[in-house]
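First comes the structure, then the notes that go with it.
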Amino acid sequence: MTTLRWGGVTDIGRVRTANQDSFFAEETLFAVADGMGGHAAGEVASSVAIGVFEGATVTGTKDLVALIQAANRAVLDRADQNNELAGMGTTLCSIALVHDETDPGEADHMAIANVGDSRVYLLHDGALTQITTDHSLVEDLVREGRLTAGEARQHPKRNILTRVLGNEPNLDVDSWDVLCRRGDRFLLCSDGLFNEVDDDRIASVLRRLEPPEEAARELLRLANEGGGRDNITVVVVDVVDDGGVSESASAALADSPSTLSSGSAPHDTTSSPNDHVSSAPARTGTRTHRRARSHLPTWRAGLFVLVVLGLLGAAFFSIRWFADNSYYVGVDDGEVTIFRGRPGGVLWIDPKIEEGTGLNLADVPVARRDAIRTGRQQSSLESARAYIANIEDLIESQKPPTTAPTTTTTSPSPTIPVNPLVTGPPVT
Ligand code: CA
């Protein structure tokens, strides 16, 4: 059973006068929202969006996408109710642990979705991958090759987003479905982190600090150290086994300031299969899915080998059976002979002499000789014997009547004494 352990932190940073970020972390569902808008609107937008996550149940990627779309409607509705909130918006990135009940042999998955430029990263085997793709102007420029990632972090228009919650009723949500394994570490964050701390340093912290709340706080510290020009939110979610649950949870509870939350919860296995609803740009999507499938070849290859071996075995035994249960009447050294096997053999299996018949091919009627020379196939040993018996009858019936005249045919003739000396007196 997959268990998660997490630590989350949000901070105003060193420049802003309000924290417009919000985050949600509970059991198997996590989200980060980065609000925008004048006055207190940004705070309202992110908190309204995050509020939709309270008590929500996500059993698949589709659910997660629907949840973000519901959050979008909630933000729009709230803005409609208050003119001062008009134009407010928020980013939202989220992950949810889901279990595919249709495939019990399959591991749990993390449903991932985002809108805007808050990010989800995955640390797997020490390597950090950005899973989500920012919906921002600078991301478009990076994708077009007009900016490097480093230049994007410093770009004056880096805050301009191309897609947010609170803008229009029909919202496109990018989503992913990522296999998660013990030891994987997910990071959700607002741009206040990655605009101040580059990916290499983020990866270094995530590799170095094991407790998720400790890693989250260290990343926050580095973001403030790097300038803290924006609000900073960091949520670190670890995939752990049951053994690590209680100790990490108690450690986290014993040391949690007001901005920090952490905990752990077992995954509810009553969820349903997840769907991959929409695919984000190919770069990260492709990498994600390649990774997600990386363990599958192990059992698929094994199954393939087993199937091939099974087929080869079945073929071998079929050929063996075919060869062992076939008979034909042929010739061995001039004698008509019953063979087991097929004339000329089957693959590597040569025919064997089953029994001789004592019948010379030369005695067989000419019309039958060619069939016997090439091997007259029979369905069974009995039918081979019957075939021989038939030929013997034929031979017998065609024999010339060599003895019959001396025994059966009589013609009137005078009795000639064999020994005149004995049988009668000499003729005079
Ligand atoms: Ca921000």
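Ligands are counted one by one from 1 in listed order, and the atoms in each one are counted from 1 as well. Computed from a predicted model, the values in this text were never measured in an experiment.
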What's the atom name of the N, O or S in Asp34 nearest to the Ca ion (ligand 1)?
OD2
Quick check: of its N, O or S atoms, which one does Asp191 have closest to the Ca ion (ligand 1)?
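The closest N, O or S atom of Asp191 to the Ca ion (ligand 1) is OD1.
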For Tyr328, give me all partners under ring pair (Phe, Tyr, Trp, His ring centres under 6.0 Å), at least two apart in sequence or on another chain.
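So Tyr328 forms a ring pair (Phe, Tyr, Trp, His ring centres under 6.0 Å) with Phe339.
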Identify the residue among Asp191, Asp34, Thr91, Thr90 that makes a side chain to side chain donor-acceptor pair (under 3.5 Å) with Ser118.
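Answer after filtering Asp191, Asp34, Thr91, Thr90: Thr91.
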Whether Arg373 and Asp370 form a salt bridge (side-chain N of Lys/Arg under 4.0 Å from carboxylate O of Asp/Glu) is what I want to check.
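Between Arg373 and Asp370 there is a salt bridge, with a charged N closer than 4.0 Å to a carboxylate O.
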The Ca ion (ligand 1) to Asp230: any N/O/S contact under 3.0 Å?
yes
Cut-off 3.5 Å, no hydrogens considered: what does the side-chain donor-acceptor table look like for residues 75-83, sequence neighbours left out?
{"from": "Asn82", "atom 1": "OD1", "to": "Glu84", "atom 2": "N", "distance (Å)": "2.9"}

